[in-house]
Amino acid sequence: MGLLSAFSRPRKPAVAPPVDRALTVAGRTLPLKIVQNQRSTRLTLRIDVGGRGLRVTTPPGISPRDVDRFIERHTDWLETRLAKYPDRPAVRAGVRIPIRGVPHLILHEAGKRGSVSIGEVDGSPVLHVHGDEQHLPRRISDFLKREAKRDIETLVAKHTATVGRKAKSIRFKDTTSRWGSCTAQGGLSFSWRIMMAPPAVIDYLVAHEVAHLKEMNHGPHFWTLCKELCPDTERCKAWLKKNGGALQAIAFE
């Protein structure tokens with residue numbers, strides 16, 4: 001994820017806040033979200049995980065023209081950064097999508113209303129998707145959400161039993177800034193996209209967030225606990241850092 005900032009003198013908050021819109025840069029049209037922060041003293045520009053969108057945070061009183069000028073000044077920075085992100089591959093019949101780290105060929109088959117199932121054709125993993133083809137991406141994302149709920153709830157139960165803490169809730173989202181989170185109240189959240197990663201990486205992510213139930217920080221005690229829950233922490237963390245952007249870039253729309 002890229003981040004760039006520039007100092008700006010705070011202005012009177014009489015100017016209407018900028019409006020979210022799309023921005024075309026480096027041959028891509030990306031959603032641009034503009035957020036006004038009362039405590040901010042500078043304009044900041046951030047690229048979402050996977051290059052899926054852009055975000056500008058502004059102090060109060062910054063006009064849309066100021067935002068445009070800020071972005072224009074840093075177009076070269078944006079183009080350089082976005083060139084490092086893969087193009088957003090669309091989920092459709094005939095392409096492969098990883099499920100638990102294993103590429104599966106997507107096969108659309110009419111009939112069998114709306115079902116999705118894993119199978120094999122000539123010894124190769126496939127994902128059978130039935131129903132109207134226009135709904136294929138949504139059916140696959142719904143499938144991944146169900147798989148995430150099943151696998152991750154089991155892993156949460158295992159790791160919370162080890163640390164002696166209970167999760168208040170478990171939620172699944174399509175987040176662009178992080179793979180998981182843990183609130184001070186004990187609520188755990190996970191990106192269902194993690195089901196495209198290898199099982200060991202999924203286990204690491206759950207171990208990481210469960211460790212936060214006991215250590216709400218990233219200090220030495222936290223990492224010691226995380227490695228106790230998942231001995232393969234370092235390798236899995238490196239895998240997610242290297243490959244996570246490609247998983248976030250896949251378009252389920």
For residues [X] and [Y], determine if any side-chain heavy atom of one lies less than 4.5 Å from a side-chain heavy atom of the other.
{"X": "Trp179", "Y": "Ile202", "value": "no"}
{"X": "Glu109", "Y": "Val129", "value": "no"}
{"X": "Val67", "Y": "Arg69", "value": "no"}
{"X": "Cys226", "Y": "Tyr204", "value": "yes"}
{"X": "Leu247", "Y": "Pro98", "value": "yes"}
{"X": "Ile97", "Y": "Phe252", "value": "yes"}
{"X": "Thr160", "Y": "Lys166", "value": "no"}
{"X": "Lys237", "Y": "Trp223", "value": "yes"}

How far does [atom1] of [X] sit from [atom2] of [Y], to the nearest 0.5 angstrom?
{"X": "Leu213", "Y": "Cys182", "atom1": "CG", "atom2": "SG", "answer": "4.0 Å"}
{"X": "Thr57", "Y": "Lys33", "atom1": "OG1", "atom2": "NZ", "answer": "10.0 Å"}
{"X": "Phe70", "Y": "Ile62", "atom1": "CZ", "atom2": "CD1", "answer": "10.0 Å"}
{"X": "Lys173", "Y": "Arg193", "atom1": "NZ", "atom2": "CZ", "answer": "15.0 Å"}
{"X": "Arg81", "Y": "His74", "atom1": "CZ", "atom2": "NE2", "answer": "12.0 Å"}
{"X": "Ile250", "Y": "Ser141", "atom1": "CD1", "atom2": "OG", "answer": "12.0 Å"}

Exercise. Only counting residues at least two apart or in another chain, list the ones meeting side chain to side chain contact (heavy atoms under 4.5 Å, CB included) with Leu105.
Key: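 Residues passing side chain to side chain contact (heavy atoms under 4.5 Å, CB included) with Leu105: Arg96, Leu107, Val126.
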
Would you mind checking if [Y] and [X] are paired as a salt bridge, meaning a charged N to carboxylate O distance below 4.0 Å?
{"X": "Arg150", "Y": "Glu147", "result": "yes"}
{"X": "Arg65", "Y": "Asp68", "result": "no"}
{"X": "Asp142", "Y": "Arg138", "result": "yes"}

Quiz item: Can you list the other members of the hydrophobic cluster that holds Met216, where links are side-chain heavy atoms under 4.5 angstrom apart?
Solution: none

Quiz item: Where do Ile194 and Val206 land on the side chain to side chain contact (heavy atoms under 4.5 Å, CB included) test, with the steps shown first?
Solution: CA-CA 10 Å; Ile194 196 63; Val206 176; over 6 Å; no

Check [X] against [Y] and note the closest heavy-atom contact, atom names and distance.
{"X": "Ser40", "Y": "Pro59", "answer": "O-CB, 3.2 Å"}
{"X": "Ser181", "Y": "Arg178", "answer": "CB-NH1, 3.5 Å"}
{"X": "Pro137", "Y": "Val91", "answer": "CG-O, 3.5 Å"}
{"X": "His128", "Y": "Ile118", "answer": "CD2-C, 4.5 Å"}
{"X": "Gly61", "Y": "Gln36", "answer": "N-NE2, 3.9 Å"}
{"X": "Val156", "Y": "Ala167", "answer": "CG1-CB, 4.2 Å"}

Using a distance-only test with no angle check, is there a side-chain donor-acceptor pair under 3.5 angstrom linking [X] and [Y]?
{"X": "His108", "Y": "His130", "result": "no"}
{"X": "Asp151", "Y": "Thr154", "result": "no"}
{"X": "Thr24", "Y": "Thr29", "result": "yes"}

Quiz item: For the residue pair Phe143 and Trp192, is the inter-centroid distance of their aromatic rings smaller than 6.0 Å?
Solution: no

Quiz item: Quick check, are the ring centers of His159 and His208 under 6.0 angstrom apart?
Solution: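 For His159 and His208, the ring centres are not under 6.0 Å apart.
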
Practice problem: Assess whether salt bridge (charged side-chain N to carboxylate O under 4.0 Å, His left out) is satisfied between Glu133 and Arg92, documenting all intermediate values. | Solution: CA-CA 8 Å; Glu133 190 167 8; Arg92 65 182 186 277; over 6 Å; no

Self-check item: Heavy-atom donor-acceptor pair, Thr75 side chain to Ile71 backbone, under 3.5 Å
Solution: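 Between the backbone of Ile71 and the side chain of Thr75 there is a qualifying donor-acceptor contact (under 3.5 Å).
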
Quiz item: Hey, is the main chain of Gln134 close enough, under 3.5 Å, to the side chain of Asp132 for a donor-acceptor pair?
Solution: no

Quiz item: When Val102 is tested against each of Pro198, Pro125, Pro199 for side chain to side chain contact (heavy atoms under 4.5 Å, CB included), which residue passes?
Solution: Pro125

Exercise. Would you indicate whether Lys145, at its atom NZ, is surrounded by more than 12 heavy atoms from other residues, nucleotides or ligands within a distance under 6.0 Å?
Key: yes

Quiz item: Which salt bridge (Lys or Arg N to Asp or Glu O under 4.0 Å) pairs, counting each pair once, include a residue from residues 203-222, with sequence neighbours left out?
Solution: Lys158-Asp203

Exercise. Mind running side chain to side chain contact (heavy atoms under 4.5 Å, CB included) on Thr58 and Val35 for me, showing each step along the way?
Key: CA-CA 6 Å; Thr58 79; Val35 180; over 6 Å; no

Practice problem: Take Val56 and Thr44 through the test side chain to side chain contact (heavy atoms under 4.5 Å, CB included) and record every step on the way to the result. | Solution: CA-CA 6 Å; Val56 173; Thr44 61; over 6 Å; no

Practice problem: Give the intermediate values and the outcome of side chain to side chain contact (heavy atoms under 4.5 Å, CB included) for residues Leu30 and Leu54. | Solution: CA-CA 7 Å; Leu30 301 172; Leu54 308 173; 4.1 Å; yes

